[in-house]
Each structure stands twice: as structure tokens, then as C-alpha cells.
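Scroll down for the structure; my scribbles are underneath it.
Ligands are counted one by one from 1 in listed order, and the atoms in each one are counted from 1 as well.
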Amino acid sequence: MPRLLFVCLGNICRSPTAEAVMARLVADARLEHAIEVDSAGTGAWHVGSPPDERATAAAAARGVAMRGTARQVRREDFDAFDLLVAMDDENHRNLRALAPDAEAAAKVRLLREFDPAAAGAGSLDVPDPYYGGADGFDRVLDLVEAACAGLLDELRAAVPSRD
Ligand code: 4NP
């Protein structure tokens, strides 16, 4: 059963957005029994906080419900999850530095690696929307939706269907 942990800096904007979008795609595909999703942040500033209201509003406008409480990523997450999916290069570097061994480090991926349309597009970052305007949160959703669809396609090939 693939267990996915989406990771950004604060765990209040990008990674809870990715968690919610992926949960929705997984539910639509009737794969809740087979794919588990969670999110965390590399930083601790917002631990205990709900998702950012701007992110929640942008997601709600697309019919995606965000929930949860921010937490910081921990070394045990490398045992508890099969993939740790970073939103940007900085998250990716920090996660690899936290990984207890090479096997754990190999579980760290960049989200937009899974977006087939992003190949060759230069940076694969989902840009941090925190200090910007509402359009940044819509952009996060565009990037996250495309990449999560690609990620689900890869996982579907590996998990059994109930139908
Ligand atoms: P996130 O966004 O990493 O997508 O949750 C951020 C949230 C908070 C901060 C930075 C980015 N901050 O500096 O407090």
C-alpha cells in the first residue's frame, strides 16, 4: 500500500494543498483502501496551525476540502511512508539531509517530477505562495493538480483495484 507524505516548508500552504488534491483524486478513483496521504513541513513555525485561509479558499473554489493541523517532518516518517514528496528543491535538499540512510533518502522525490508536461520545463519547484497574492495560491493548485494526476497514474499501475 503506497503511503505518501507531501512536504513543504510550513505545512500550511503547499503540502496540505497537495494532500487534499491527492486525497480527492484517490477518492474519485476509489482507491482509498490502497493509497494513504499525509503532509508535513520541514520547518516548525506553524506546528499546530490549520491550513492557511488563502490556500483553503483557493482549494474550496475548486471543490477541494483542506483540513488537518500542521506538523513538522520527523525521521520516523522515512519508515512510515513510501514516498516523501517535496514541493521544491529546498524541501528536497532538507529532506535528504534528514534521511537516516541511503534507502530513506531514495524515498525523497520532487512533486513535479510526476507531471509529464513539466519535463524539460526548467525549475520543478511549486513556488512558495506565502508572501504573495491570491494568484499564487491558484498557481499552486494548477501545478499540484497536474503533478498529482501524474503521480496517481504511476501508482495505479502498481496497486490492485477493487472493481
Ligand atoms: P508552505 O508556505 O511551505 O507552502 O506551507 C509557507 C508557509 C509559511 C512560511 C513560509 C512558507 N513562513 O515563512 O512562515
Problem set entry | Subset of ligand 1 atoms that lie under 4.0 Å from at least one heavy atom of C13 | 1 (P), 2 (O), 4 (O), 5 (O)

For this session: Output yes when the distance from some N or O of ligand 1 to some N or O of R14 is under 3.5 Å, and no in every other case.
Result: yes

Side-chain polar contacts of residues 118-137 - donor-acceptor pairs under 3.5 angstrom, sequence neighbours left out - could you list them?
unit_1, atom_1, unit_2, atom_2, d
S123, OG, D125, N, 3.1
D125, OD1, D89, N, 2.9
D128, OD1, Y130, N, 2.9

Exercise. Can you find a heavy atom in the side chain of L151 that is under 4.5 Å from one in the side chain of L25?
Worked result: no

Exercise. Where is the nearest protein heavy atom to atom 13 (O) of ligand 1: which residue, which atom, and how far?
Worked result: Y131 OH, 3.3 Å

Exercise. Under 3.5 Å, N or O to N or O, is G10 touching ligand 1 that way?
Worked result: yes

Exercise. In terms of side-chain geometry, is the basic nitrogen of R3 or D38 positioned less than 4.0 Å from the acidic oxygen of its partner?
Worked result: no

Problem set entry | Set of side-chain hydrogen bond (donor to acceptor under 3.5 Å, both in side chains) partners for D28, sequence neighbours left out | R24

Problem set entry | Shortest protein heavy-atom distance from atom 8 (C) of ligand 1, along with the residue and atom involved | H46 NE2, 3.3 Å

Exercise. R62 side chain to D138 main-chain N or O, any donor-acceptor pair under 3.5 Å?
Worked result: yes

Seminar exercise, completed: Of all protein heavy atoms, the one nearest atom 7 (C) of ligand 1 is Y130 CD1, 3.5 Å

For this session: Mind checking whether D128 contacts ligand 1 via backbone (N, CA, C, O), side chain (CB onward), both or neither, at a 4.0 Å heavy-atom cut-off?
Result: side chain

For this session: For atom 1 (P) of ligand 1, find the nearest protein heavy atom and state the residue, atom name and distance (0.1 Å precision).
Result: C8 SG, 3.5 Å

Exercise. Ligand 1 versus D52, non-hydrogen atoms closer than 4.0 Å: side chain, backbone, both, neither?
Worked result: neither

For this session: Would you mind reporting whether F114 and L83 have side-chain heavy atoms less than 4.5 Å apart?
Result: yes

Exercise. Among side-chain atoms of D88 and N91, is any donor-acceptor pair under 3.5 angstrom?
Worked result: yes

